[in-house]
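This report refers to the structure that appears directly beneath it.
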Amino acid sequence: MFSHTRHPHIGPMHSAHPIRHDTTRRDTAGAKDVSEKSKMCQKGTDSEHAWHFVSDVISRHKRIAGSPKGHKRIKPVATDEMFSLAEQLMACRSDFDVSGVPTHVSLGYRHKNPHCINGIRRNGLVKGGKGFGDGIYIGNNAPAFVGRGSVGLLVAVIQGRTERVHRLVHRSSRGTSSPGMHALIGNKRSRDTALGSGEGHRDELLLQPSRQCLPLVQFDATIIAGDNPLGKESLRIYHREM
């Protein structure tokens, strides 16, 4: 997800659209001059796109769940509540597009404990501090981070421009990036951090605003833990189809 490198032992668990380290800079002087009328029109467009987005997620879930490859322990994170969060994601996409920022959508994973899920349904993902500063951490694949919570989330992400970081920071520090960047990519096992071998499938994306990401479906983490080929295959299908 966070690099172009494929890892055969996890293969399809990676996003079909890997996160790109995109540092492209564009002239945004003209893009910033957006009239109030355009903003009002865009708001309606964002709402419409959000409605279609959520409808599509629910429809795809129903199709997969009703197939032999479906799994009873995979379901949408929310239905009605997802719309307002999707509207924020679409607004983020529109703002990025107006400013000439890449609007590529990727998929990643977050693991949480059950008591957090209701809050996530209402407010989306919230910040925490783990290794690269304070922010919202999205994992490269599900199995690599399964120990962080018993409920897994498949998350849509608009990454914008990213930069890779090569050192850990104090837990209380805010994850910061260079001007013009919208997310950090880090790996706590990177050779550059002296923490290990540098396994690309353990890359993490660090976001600041929650509107850059949207939890789509949740799953019981036990279905991908250990030797559970049926559960892993079901999640691969969700990843591919979403």
Side-chain angles (χ1 to χ4, degrees), residues 1-20 57 60-61 64 69 71 73-78 82 85-86 89 104-117 119-121 123-132 135-159 162 175 183-190 199-208 210-226 228-242:
M1 172 182 162
F2 302 125
S3 71
H4 296 291
T5 304
R6 288 284 181 175
H7 300 272
H9 59 290
I10 47 176
M13 297 298 286
H14 278 272
S15 173
H17 307 287
I19 277 197
R20 301 187 178 96
V57 169
R60 294 183 186 211
H61 161 69
I64 299 170
K69 295 294 187 179
H71 201 292
R73 294 185 180 179
I74 303 178
K75 61 182 180 180
V77 173
M82 191 187 294
L85 297 178
L89 185 76
H104 173 76
V105 178
S106 302
L107 294 175
Y109 294 90
R110 180 74 179 263
H111 291 272
K112 300 295 291 183
N113 291 317
H115 69 270
C116 300
I117 300 303
I120 291 172
R121 289 190 182 110
N123 306 311
L125 293 170
V126 297
K127 297 178 183 180
K130 294 180 180 179
F132 294 103
I136 299 171
Y137 284 76
I138 306 294
N140 195 17
N141 73 23
F145 301 96
V146 71
R148 294 187 177 177
S150 60
V151 179
L153 303 171
L154 176 62
V155 183
V157 178
I158 297 178
Q159 55 190 313
T162 65
L184 302 178
I185 298 174
N187 190 319
K188 299 184 185 76
R189 295 193 178 187
S190 169
E199 301 169 356
H201 67 282
R202 295 189 65 90
D203 279 359
E204 294 177 81
L205 187 73
L206 177 58
L207 308 170
Q208 289 301 318
S210 61
R211 70 177 193 147
Q212 276 184 255
C213 59
L214 175 66
L216 303 178
V217 298
Q218 66 182 75
F219 55 92
D220 188 327
T222 59
I223 72 171
I224 59 167
N228 195 333
L230 294 179
K232 291 177 180 178
E233 178 61 19
S234 292
L235 189 57
R236 286 188 183 99
I237 291 172
Y238 272 88
H239 195 130
R240 183 176 68 238
E241 295 297 320
M242 289 293 175

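Starting from 1, each residue takes its place in the sequence as its number.
Each of Leu230, Ile237, Leu235 was evaluated against Glu233; a single residue qualifies, Ile237, per the side-chain contact (heavy atoms from CB on, under 4.5 Å) test.
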### Query
Going through the checks in order, is the side-chain contact (heavy atoms from CB on, under 4.5 Å) test met by Asn228 and Thr222?
CA-CA 8 Å; Asn228 195 333; Thr222 59; 5.8 Å; no
### Residues Tyr137, His111; criterion side-chain contact (heavy atoms from CB on, under 4.5 Å); working and verdict
CA-CA 10 Å; Tyr137 284 76; His111 291 272; over 6 Å; no
### Task
Run the numbers on Leu216 and Leu107 for side-chain contact (heavy atoms from CB on, under 4.5 Å), then give the verdict.
CA-CA 10 Å; Leu216 303 178; Leu107 294 175; 4.0 Å; yes
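With rounding to the nearest 0.5 Å, the separation of CD1 in Ile64 from CE in Met242 is 5.0 Å. Separating the CG atom in Asn140 from the CG atom in Asn187 is a distance of 8.5 Å, to the nearest 0.5 Å. For the atom pair Tyr238 OH and Leu154 CG, the distance stands at 10.0 Å (nearest 0.5 Å). Taking CD of Gln212 as the start and CG of Leu205 as the end, the distance is 8.0 Å to the nearest 0.5 Å.
Residues Ile224 and Ala142 come closest through the heavy atom pair CD1-CB, 3.3 Å. Residues Leu89 and Cys213 come closest through the heavy atom pair CD1-N, 3.8 Å. Nearest approach of Met82 to Pro215, heavy atoms of both residues: CE-O, 4.2 Å. Of all the heavy atoms in Val105 and Ala156, the pair that sits closest is CG1-CB, 4.3 Å. Taking both residues in full, the closest heavy atoms of Leu125 and Ile136 are given as O-CD1, 3.5 Å, listed atom of the first, atom of the second, then distance. Contact between Arg121 and Leu85 at its shortest, heavy atoms only, is O-CD1, 3.6 Å.
Within the 3.5 Å criterion, the main-chain N or O of Lys75 finds no donor-acceptor partner in the side chain of Gln218. Looking at Arg60, its side chain does come within 3.5 Å of a backbone N or O of Glu241 through a donor-acceptor pair. With hydrogens and angles disregarded, a donor-acceptor distance shorter than 3.5 Å links the side chain of Lys232 to the backbone of Gly226. Under the 3.5 Å distance criterion, the side-chain polar atoms of Asp220 are left unmatched by any main-chain donor or acceptor of Ile223. Looking at Thr162, its side chain never comes within 3.5 Å of a backbone N or O of Leu184 through a donor-acceptor pair.
By the side chain to side chain donor-acceptor pair (under 3.5 Å) test, Ser150 pairs with no residue at all, sequence neighbours left out.
Ring pair His239/Tyr109 is tilted by interplanar angle, where 30° to 60° counts as tilted.
The side-chain tip of Arg202 points at the ring of Phe145 from less than 6.0 angstrom away and within 45° of straight on.
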